[in-house]
Amino acid sequence: MSIQLMTRRFTVAQYNLMNQAGILTEDDRVELINGEIIEMSPIGRRHAACVDRLNYLLSILLGTRVIIRVQNPIILNNLSEPQPDIALLKPRADFYEAGHPQPEDILLLVEVADSSIEYDREIKIPLYASSGICEVWLIDIYEQLITVYRYPNANGYSEIKTFRHGDILDIQAFPEFTLMVNDVLG
């Protein structure tokens, strides 16, 4: 006799209802990925410092040209509401109070990874590509490198470049501005 397990996928609307009903709370470190509620890794001090450092650098560099969203939700489709570490968004007067940002609002997503590197690389990056996110940075805390993904297509991203200490990064939406990898990684 074989046992068949049934899995249930949740929509973004159902996931948000769980929040409103108190089933999920703000203290729960979870995100909705492809209809599954995924528990996120705890944020370590190196991870937190990198996110804070990048937020600071981008704020100085881009000022009011963008809204910088830190570890807050975005909606990719009906089944996915991830919380990337940094999202550079097109400015909007309501700061997205009327609804979380969607792919057309996003200029850059950044994931900072330590223990979550494989999950980010194998699950989240392809999800971002399939959603049409134009540029994603994956910052590997342990290896001290930044992988930049650009030009999404059906198979992922057509341009993938790795940057290390001493290299200079630019943001596709703002090529006139650059960041030193050393400044991002610390």
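Computed from a predicted structure; not experimentally measured. The first residue of the sequence shown is numbered 1, and numbering continues consecutively from there.
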Above 12 or not: heavy atoms from other molecules or residues under 6.0 Å from [atom1] of [X]?
{"X": "Glu39", "atom1": "CD", "result": "no"}
{"X": "Glu176", "atom1": "CD", "result": "yes"}
{"X": "Glu97", "atom1": "CD", "result": "no"}

Shortest non-hydrogen contact from [X] to [Y]?
{"X": "Val148", "Y": "Glu135", "result": "CG1-OE2, 3.6 Å"}
{"X": "Cys134", "Y": "Ile106", "result": "SG-O, 4.0 Å"}
{"X": "Val51", "Y": "Gln71", "result": "CG2-NE2, 4.0 Å"}
{"X": "Ile75", "Y": "Pro103", "result": "O-CD, 3.2 Å"}

Pair Glu159, Gln172 - check side chain to side chain contact (heavy atoms under 4.5 Å, CB included), show working.
CA-CA 12 Å; Glu159 180 180 290; Gln172 187 177 19; over 6 Å; no

Between Thr147 and Arg121, is a side chain to side chain contact (heavy atoms under 4.5 Å, CB included) present by the stated rule, with each step listed?
CA-CA 10 Å; Thr147 305; Arg121 189 180 294 123; 5.7 Å; no

If we ignore hydrogens and angles and just use 3.5 Å, is the side chain of [X] paired with the main-chain N or O of [Y] as donor and acceptor?
{"X": "Arg9", "Y": "Asn34", "answer": "yes"}
{"X": "Asn16", "Y": "Ala13", "answer": "no"}
{"X": "Ser116", "Y": "Tyr119", "answer": "no"}
{"X": "Asp120", "Y": "Ala113", "answer": "no"}

Looking at CD of Glu122 and NZ of Lys124, how far apart are the two atoms once the value is rounded to the nearest 0.5 Å?
14.0 Å

Let me confirm one number: the CD-CD1 distance from Glu31 to Ile74, rounded to the nearest 0.5 Å.
9.0 Å

Heavy-atom distance under 4.5 Å between the side chains of [X] and [Y], does that happen here?
{"X": "Tyr142", "Y": "Arg46", "answer": "yes"}
{"X": "Tyr128", "Y": "Tyr157", "answer": "yes"}
{"X": "Tyr96", "Y": "Lys90", "answer": "yes"}
{"X": "His100", "Y": "Arg69", "answer": "yes"}
{"X": "Ile171", "Y": "Phe177", "answer": "no"}
{"X": "Ile117", "Y": "Leu138", "answer": "yes"}
{"X": "Ile146", "Y": "Val110", "answer": "no"}
{"X": "Ile68", "Y": "Leu88", "answer": "yes"}

Given side chain to side chain contact (heavy atoms under 4.5 Å, CB included), test Tyr15 with Leu24 step by step and report yes or no.
CA-CA 9 Å; Tyr15 177 70; Leu24 298 173; 3.6 Å; yes

Hey, are Asp170 and Arg150 close enough for a salt bridge, meaning a charged N less than 4.0 Å from a carboxylate O?
yes

So Asp28 and Thr25, side chain to side chain contact (heavy atoms under 4.5 Å, CB included) or not? Walk me through it.
CA-CA 5 Å; Asp28 292 319; Thr25 69; 3.5 Å; yes

